[in-house]
2 protein chains.
Amino acid sequence: MSAKIAALSERSAETGATTAAPAPPIWDIIELLFFAYRDFVGDPDEVLSKLTFGRAHHRVLHFVNRNPGMKVADLLDILNITKQSLGRVLKQLIDQGFVVQKEGAQDRRQRLLFVTPKGEALSLKLAQLQTARINRAFGELGPGAHEAARRFLTAMIDSDNRDGVLRQIARADHAKAQT
Amino acid sequence: MSAKIAALSERSAETGATTAAPAPPIWDIIELLFFAYRDFVGDPDEVLSKLTFGRAHHRVLHFVNRNPGMKVADLLDILNITKQSLGRVLKQLIDQGFVVQKEGAQDRRQRLLFVTPKGEALSLKLAQLQTARINRAFGELGPGAHEAARRFLTAMIDSDNRDGVLRQIARADHAKAQT
DNA sequence: CAAAATATGTCAACATGACTGACATAAATA
DNA sequence: TATTTATGTCAGTCATGTTGACATATTTTG
């Protein structure tokens, strides 16, 4: 068997270095991630659709709730979408009273984003649906499951984003704790 | 602190039963899952966009590759979309020679789906990108990481789907092993 | 065998949420 | 003052999902 694997390795023409054959696909994780994520976002989807909101609204609401006073530009970076795309959903959330904008104190060009009590309530409701699923899973898996999941998911993030994401989560925890 | 939590529990008017307050949101896992999944599907997206394909094509190609000879109806069940929606992407994959349909032997109404060598190559290439990320993560996490991730992701799936998903993965492993 | 059910495909219309490109405004900064 | 920055907006396009209606071939059922 190892002979077969060795036979699949290739010698690069330019460098002469031996290139290992690509590792065989890890089908189980690939597929489990697909199904787990689908169910995970499916819970909020039901609630959102009753408000004629979609996942886009959920993401905006979530991050504004977690990072009160964040700039529009920060939100665009996190969501990785264009401002035109953000504009529509943000406008709907503002028009319907889930989010408000306030002029920046130091820099008056900025429109800092905050959730209203109504927005916070919705964000919390959606997060609780997802939390119920997570806690159900952790309950089945026993102690250490939370830490193991956190480590696995963190390691799956692009290494150049990873520190930023972890910092953002830590900062948000702090911000919400003061509320 | 436990006094505070206890104070949040409510007594249902109808049943008189004590309803526990919803557990506080598990923000870290909620956000890590968002970022991890975004990066996870981002790798294939780049390759696909060069072929003017999207995630929809990826999903179809993936499941057909993993389940050679599957029926259109099975694919619809897994993807959870309408046949009109599937029709478009499937047609493109067939027209461009990534997937073929064969009439069912027993039931000639069925159009059984298979990937071509070209389709298998693309599916494999995409899976290898995702596998590289997974293996990078497992490498950082040490032994047991694969098993821990599998258990976590499995527990996150709707319990009524879970057995079906696991059966499907096991069946697909068997099918591909024979190739 | 005729009738009903099943597997699939297709036409039309529409919604959502992305995109690009261009341009506007106000405020900060060089 | 001139430039850059933060934000917003208009217009058009694309990908991918939806509903509803209908067509065709084949299998199953009464």
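Below, each value reflects all heavy atoms present in this structure, side chains not excepted, and no hydrogens, waters or symmetry copies. The sequence lines fix the lettering, A, B, ..., with proteins before strands; numbering per chain opens at 1.
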**Prompt:** Applying ring pair (Phe, Tyr, Trp, His ring centres under 6.0 Å), which residue pairs with at least one partner in residues 102-128 of chain A are found, sequence neighbours left out?
**Reply:** none
**Complete:** Nearest-nucleotide check on DNA chain D, A:Gln110 vs A:Arg88; residue mapping nearer the 5' end is A:Gln110
What is the distance from [atom1] of [X] to [atom2] of [N], rounded to the nearest Å?
X	N	atom1	atom2	result
A:Leu90	C:dA18	CG	C1'	16 Å
A:Leu76	D:dT9	CG	C1'	14 Å
A:Asn80	C:dA18	CG	C1'	12 Å
A:Leu86	D:dA6	CG	P	15 Å
B:Phe53	D:dC14	CZ	P	17 Å
B:Leu75	D:dG17	CG	P	11 Å
A:Lys91	D:dT9	NZ	P	7 Å
B:Leu112	C:dG9	CG	P	11 Å

Please tabulate, one pair per line, each protein N/O and nucleotide N/O from nucleotides 24-30 of chain D that are separated by under 3.5 Å, including the distance.
| from | atom 1 | to | atom 2 | distance (Å) |
| --- | --- | --- | --- | --- |
| D:dT26 | OP1 | B:Arg108 | NH2 | 3.1 |
| D:dT26 | O2 | B:Arg109 | NH1 | 3.4 |
| D:dT27 | OP1 | B:Arg108 | N | 3.2 |

**Prompt:** Strictly under 6.0 Å, is that where the ring centroids of B:Phe53 and B:Phe98 end up?
**Reply:** yes
**Request:** Return no unless some side-chain N or O of A:Gln84 is found under 4.0 Å from OP1 or OP2 of D:dG12.
**Result:** no
**Request:** Report yes if at least one side-chain N or O of B:His57 is closer than 4.0 Å to OP1 or OP2 of D:dA15; otherwise report no.
**Result:** no
**Request:** Between A:Thr82 and A:Thr52, name the one whose nearest nucleotide on DNA chain C is closer to the 5' end.
**Result:** A:Thr52
For a quick check of understanding: with a heavy-atom distance under 4.0 Å over all strands, which category does [X] fall into, base, sugar-phosphate or nothing?
X	value
B:Gly87	nothing
A:Gln101	sugar-phosphate
A:Lys83	base
A:Arg55	sugar-phosphate
B:Asp74	nothing

Side chain of [X], backbone of [Y]: donor and acceptor closer than 3.5 Å?
X	Y	answer
B:Asn65	B:Leu61	no
A:His174	A:Arg171	no
A:Lys118	A:Gln96	yes
A:Gln130	A:Phe40	yes
B:Ser123	B:Gly119	no

**Item:** Side chain of A:Ile81 - closest among D:dA11, C:dA18, C:dG9
**Value:** C:dA18
**Complete:** Heavy atoms of B:Asp158 and A:Asp39 approach each other most closely as N-OD2, 2.8 Å
